[in-house]
Amino acid sequence: IMSTPSAKTASAGSKTKTSTTTTTVVKTTTTTTKAPQQKLATTLGAGAKVKKAKTTPSGKKAINAHSNRELGSNGLMRFSRGRMFRRRALYRIDKWKGAQAKLQGDKTKKTTGSIQKKKQRRSALTKKPVGGDRNGKQRLVQTKRTPRYYPTEERQKKFSVKRKRFGDHPRRFRSTLTPGSVVILVAGKHAGKRAVVVKHLSSGLLLITGPHKVNGVPLRRINQIYVIGTSTKLDLSSVKIDKLDDKFFKRVRSAKKNAEKDIFDSKKEKTQLSDERRQTQRDIDTAVLAAIKAHSDSRLLRRYLKSRFQLWNGVLPHKLKF
Amino acid sequence: LYVKAVFTGFRRGKRNQHENTALLKLDGVNARRETNFYLGKRCAYVYKAKNKTLVPGQKRLNRVRILWGKVTRAHGKSGAVRAKFRRNLPPKALGRRIRVMLYPSRI
């Protein structure tokens with residue numbers, strides 16, 4: 001509750017746009033018995049800031065008659081929000097203006113554009129050259145023409161702008177699958193092998209590598225669900241992985257040929273490993289192998305990555321600690 | 001890389017059975033709280049047939065066929081589990097081996 005000091009209200013009658021209710025209240029407080037602080041106010045002169053006494057001479061807590069307070073205990077305040085805004089006159093204060101400008105930051109981006117657009121707006125009519133000898137060479141035409149069709153019903157909105165497309169959805173990664181952690185591949189060609197997570201890709205896939213020398217697992221994309229994260233971690237902070245993204249690994253499909261050719265050419269096009277891929281494999285692997293060497297249990301780690309994950313009699317995955 | 005399970009029967013009351021849900025008994029899982037790991041995991045009923053068919057991923061024709069499904073929820077207190085298959089399991093699979101794979105992995 002904002003309470004304006006009593007001395008101020010006496011002189012601030014011009015500032016506030018409130019009705020006469022405040023002024024009448026002022027008069028009633030100044031009863032016959034003048035409180036000592038009010039005596040002080042009169043002696044010092046109008047406009048002087050005097051600290052309000054917290055207790056009346058009788059010892060009760062003083063309620064500032066001009067302040068905003070609850071009317072009963074039902075949540076209603078004496079002055080409404082708009083009323084209080086005007087009373088506090090915050091719109092005059094630079095600090096408030098600054099805060100507002102910040103809040104409206106995003107909005108202003110749009111509005112400034114539209115404001116600029118408005119300033120750059122072409123006039124409603126433009127001159128356009130017209131052919132023909134006796135047509136007056138120019139004609140004033142509307143810059144923005146009125147639409148020639150006004151639909152009677154609103155068109156069905158097919159796609160809400162707010163709803164995000166799948167491509168824009170945030171991708172989340174399991175906490176156990178950080179770059180540098182050793183994972184167990186649980187499905188696919190390399191099921192049972194252990195590999196190292198190199199990077200999180202923007203599509204939600206993981207980029208892993210054996211390294212290829214160690215266990216034959218190449219630089220490959222894999223979905224998180226086909227991978228079990230282990231607690232073994234490598235430090236891959238020195239590996240340069242900027243170039244690697246989904247585009248790099250995307251399958252390159254040849255352009256569609258003629259239908260005739262398709263019938264006769266029954267050969268499947270084998271995907272050839274590009275030299276670029278081979279080179280990046282080598283680069284990443286040397287960096288990862290260096291990280292393995294730097295690890296405290298480097299010999300054990302190499303052996304570990306070479307080995308396969310196996311389940312045998314009595315081994316229960318739900319009881320294993322990975 | 002799979003956990004062994006047995007197809008013990010269909011979901012049923014005493015007198016009615018519902019073949020769309022199968023009950024599986026997983027090896028080594030004996031309490032309800034242990035089944036948490038297996039929820040959502042893919043399961044496969046693998047069987048052989050007389051005629052050879054092409055299996056995706058294999059080049060040669062194969063006699064092996066698979067019915068895929070997934071573990072949906074726990075069943076009872078003692079570690080049994082319910083699974084739903086894409087097509088209902090044939091009753092001759094009763095008592096037979098079902099493979100519960102380790103994917104989709106959540107750890």
Side-chain angles (χ1 to χ4, degrees), chain A residues 171-178 181-197 200 203-206 208 215-217 220-233 266-271 307-322, chain B residues 1-6 23-46 54-60 62 64 66-84 86 97-107:
Chain A
R171 304 297 204 262
R172 292 190 194 111
F173 291 91
R174 250 182 274 150
S175 54
T176 50
L177 306 178
T178 55
S181 37
V182 175
V183 293
I184 300 169
L185 306 179
V186 136
K189 189 178 171 188
H190 304 281
K193 292 189 185 169
R194 295 177 166 101
V196 179
V197 176
H200 290 174
S203 63
L205 300 170
L206 298 173
I208 55 158
N215 52 21
V217 177
R220 199 174 205 260
R221 294 186 295 171
I222 193 168
N223 198 324
Q224 296 178 64
I225 58 172
Y226 299 120
V227 139
I228 293 178
T230 61
S231 52
T232 314
K233 309 270 183 223
S266 56
K267 277 188 196 172
K268 271 189 190 175
E269 278 196 35
K270 278 194 176 179
T271 48
S307 69
R308 305 264 181 125
F309 173 73
Q310 286 169 342
L311 290 173
W312 53 87
N313 229 354
V315 174
L316 310 164
H318 69 273
K319 291 208 165 142
L320 287 179
K321 186 167 195 261
F322 287 102
Chain B
L1 279 180
Y2 59 88
V3 176
K4 292 187 265 195
V6 174
L23 305 177
L24 308 180
K25 172 90 192 69
L26 295 153
D27 248 19
V29 181
N30 298 314
R32 196 186 172 96
R33 56 185 153 76
E34 292 175 8
T35 61
N36 191 30
F37 174 86
Y38 300 97
L39 296 181
K41 299 285 184 286
R42 283 237 266 173
C43 18
Y45 168 59
V46 185
L54 259 179
V55 175
Q58 303 279 338
K59 284 178 190 168
R60 248 190 286 165
N62 220 346
V64 177
I66 305 181
L67 277 178
W68 288 102
K70 66 159 99 166
V71 173
T72 52
R73 50 182 285 195
H75 181 79
K77 293 202 290 184
S78 308
V81 124
R82 293 190 204 180
K84 274 194 157 207
R86 290 188 198 163
R97 171 70 67 228
I98 293 216
R99 304 185 188 185
V100 178
M101 317 309 280
L102 295 178
Y103 55 88
S105 140
R106 288 179 291 138
I107 38 168

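Lettering of chains follows the sequences in order, A, B, ..., and the numbering in each one begins at 1. What you see is a predicted model, and the numbers here were worked out from it, not measured in a lab.
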- Query: Going from CZ on B:Arg82 to NE2 on B:His75, what distance comes out if it is rounded to the nearest 0.5 angstrom?
  - Reply: 5.5 Å
Just by distance, which donor-acceptor pairs between chain B and chain A come in under 3.5 Å?
unit_1, atom_1, unit_2, atom_2, d
B:Glu34, OE1, A:His318, NE2, 3.2
B:Tyr38, OH, A:His318, ND1, 2.8
B:Ser105, N, A:Ile225, O, 2.7
B:Ser105, O, A:Arg174, NH2, 2.9
B:Ser105, OG, A:Arg174, NH1, 3.4
B:Ser105, OG, A:Val227, O, 2.7
B:Ile107, O, A:Arg174, NH1, 2.2
B:Ile107, O, A:Gly229, N, 3.4

- Query: Checking A:Leu185 against chain B: side chain, backbone, both or neither under 4.5 Å from a heavy atom?
  - Reply: backbone
- Let me see the working for A:Phe173 and A:Val197 under side chain to side chain contact (heavy atoms under 4.5 Å, CB included), right down to the final yes or no. CA-CA 12 Å; A:Phe173 291 91; A:Val197 176; over 6 Å; no
- Region of A:Val186 that comes under 4.5 Å of a non-hydrogen atom in chain B: both
- Minimal heavy-atom distance between B:Cys43 and B:Ala83, with the atoms involved, is SG-CB, 4.0 Å
- Determine the minimum heavy-atom distance between A:Val183 and A:Gly229, stating which atoms define it. CG1-CA, 3.9 Å
- Item | Note, B:Phe37 side chain near A:Leu316 side chain (heavy atom, < 4.5 Å) | no
- So do the side chains of B:Val46 and B:Val64 get within less than 4.5 Å of each other, counting heavy atoms only? yes
- Message: Using a 4.5 angstrom heavy-atom cutoff, name the option from B:Leu1, B:Leu26, B:Leu102, B:Ile107 with the most pairs to chain A.
- Response: B:Ile107
